[in-house]
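When a residue number appears, it is its place in the shown sequence, counting from 1. As the structure is a computational prediction, the values presented were derived from the model and not from experiment.
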Amino acid sequence: MAFANRIKAFVNVKTLAVAIGMAAAVQFPLAAHAADLVRLGNLKFAHYGAVAYMKEIAPQYNLKIEERVFAKGLDIVPAMIAGEVDVSASALEAAISGRASGVPVYLVAGFAKGGVRIVGRPDLNIHSITDLKGKKVGVTRGGPQEILLFAELSKHHMTWSDKPGKDVLIVYMGYPDLNQALLTKNIDAMSQSEPYSTQAINKKYGNEIIKPYDTPLEEPTRALVMSEKMYKEKRDVAQRFMQCFVDATRKFLADPKLAEKYVRESMFKNQVSSEDYRDAMENAKFTDDITVEHVQLTTDYMMKYNVGRMATPPAAKDWVKLDLLQAAKKSAAK
């Protein structure tokens with residue numbers, strides 16, 4: 001009899017536990033499912049801040065965003081080919097080059113505009129693009145800094161090469177290396193991204209020559225690209241990711257103090273001063289927009305100047321997919 005009573009008590013406790021579990025699942029439905037993982041490739045620039053911030057608010061969208069920071073946009077391409085990255089933020093030029101080389105991605109949004117400055121050594125009194133004749137100009141390969149530099153040189157009927165014999169000698173190197181080379185006078189000028197160009201100016205070893213936005217390319221737009229696999233096979237995850245992106249971007253636009261604090265403290269570990277950040281963001285802005293026309297124009301200019309060395313350039317209309325972005329914006333407006 002005692003044994004039977006113990007069995008009955010055990011069953012009642014188990015029934016109660018199941019009931020409590022079911023009630024908790026109803027009350028907290030997201031807790032019943034693990035957050036969906038999205039692997040994000042990003043770069044370390046001031047105007048990439050909203051993309052980096054997404055991982056902080058991802059749980060609100062039942063997402064876990066793992067961010068991997070690369071040295072430059074072209075470095076993300078092999079990772080996407082290997083299936084190690086689901087979404088990447090990079091220069092539009094790097095995205096176009098990747099697509100041209102067969103990387104199965106779609107361009108799903110723009111996330112920043114501007115962010116480029118051509119800077120020269122103060123002791124050389126370089127005040128215009130034409131003053132670059134006979135000079136060594138540093139730039140990182142495959143980004144807007146490269147194509148905008150070439151567009152400016154072309155506009156002023158100047159020639160260039162990474163070998164001697166042209167009006168301007170191009171020296172290719174990484175972003176931080178450019179500043180060091182300008183500081184040590186190993187190059188005469190550089191076409192550089194923010195906040196590195198601003199730091200050179202504020203530390204007095206560089207002076208602004210031009211913000212290179214007076215060509216048909218105007219201000220460059222950075223691109224957010226998504227793997228075709230995620231876009232096609234994980235539509236719900238992809239849509240929630242885009243909602244998170246729009247939310248992060250609008251938070252940064254609405255609250256510049258939040259944006260500055262996050263970029264300076266979380267991304268740059270206080271290695272960028274408040275003055276550097278604000279000066280840099282006067283030459284760049286967060287956005288969630290991009291157009292098929294801008295992507296196609298950039299592709300055409302890449303072919304014109306042999307940026308990315310593409311054999312067959314991708315037509316923008318075939319791989320720019322803005323439907324997830326439009327849906328996310330519509331949802332945010334409610």
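Heavy atoms only, all atoms of each residue included: Ile118 and Pro212 are closest at CD1-CB, 4.1 Å. Listed here is the closest heavy atom pair of Ser197 and Val119: CB-CG2, 3.9 Å. Between Leu43 and Met267, the shortest heavy-atom contact is O-CE, 4.1 Å. Scanning both residues, Glu219 and His294, for their nearest heavy atoms gives O-CE1, 3.6 Å. In terms of heavy atoms, Val116 sits closest to Pro220 at CG2-CG, 4.1 Å.
Ring-plane geometry between Tyr301 and Tyr305 is classed as perpendicular, the angle between the planes exceeding 60 degrees on a 0 to 90 degree scale with a lower cut at 30. Classified by interplanar angle (parallel below 30°, tilted 30° to 60°, perpendicular above 60°), the ring pair Trp160/Phe150 is parallel.
For the residue pair Asp323/Tyr231, the side-chain donor-acceptor check at 3.5 Å is satisfied.
A donor-acceptor pair under 3.5 Å links the side-chain atoms of Lys136 to the main chain of Asn186, judged by distance alone. Checked by atom type and distance alone, the side chain of Arg117 never pairs as donor or acceptor with a backbone atom of Glu194 at under 3.5 Å. Without hydrogens or angle criteria, Gln239 side chain to Leu324 main chain gives a donor-acceptor distance under 3.5 Å. Checking side-chain atoms of Asn179 against main-chain N and O of Tyr196 turns up a donor-acceptor pair under 3.5 Å. The main-chain N or O of Gly83 is found under 3.5 Å from a side-chain atom of Arg39 such that the two form a donor-acceptor pair. A distance-only check finds a donor-acceptor pair linking the side chain of Lys55 to the backbone of Ala52 [under 3.5 Å]. When atom types are taken as modelled, the side chain of Ser266 and the backbone of Val263 share no donor-acceptor pair closer than 3.5 angstrom. Within the 3.5 Å criterion, the main-chain N or O of Gln145 finds a donor-acceptor partner in the side chain of Ser191. Judged by distance alone, the side chain of Thr159 and the main-chain N or O of Asp167 form a donor-acceptor pair under 3.5 Å.
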(message) Under the criterion ring-ring contact (aromatic ring centres under 6.0 Å, His included), I'd like the reasoning laid out for Phe252 against Tyr53: C-alpha separation, chi angles, the key distance, then a yes or no.
(response) CA-CA 9 Å; Phe252 269 34; Tyr53 184 69; 5.0 Å; yes
(request) Go through Phe111 and Phe286 one step at a time and tell me if the ring-ring contact (aromatic ring centres under 6.0 Å, His included) criterion holds. (result) CA-CA 6 Å; Phe111 65 87; Phe286 302 112; 9.0 Å; no
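Every residue was checked against the salt bridge (charged side-chain N to carboxylate O under 4.0 Å, His left out) condition with Lys321, not counting sequence neighbours, and none meets it. For Lys251, the salt bridge (charged side-chain N to carboxylate O under 4.0 Å, His left out) criterion is met by Asp247, not counting sequence neighbours. Checked against salt bridge (charged side-chain N to carboxylate O under 4.0 Å, His left out), Glu84 has the following partners two or more places apart in sequence or in another chain: Arg68.
With Lys229 as reference, Glu233 is the one residue of Met226, Glu233, Lys232 to meet the side chain to side chain contact (heavy atoms under 4.5 Å, CB included) rule.
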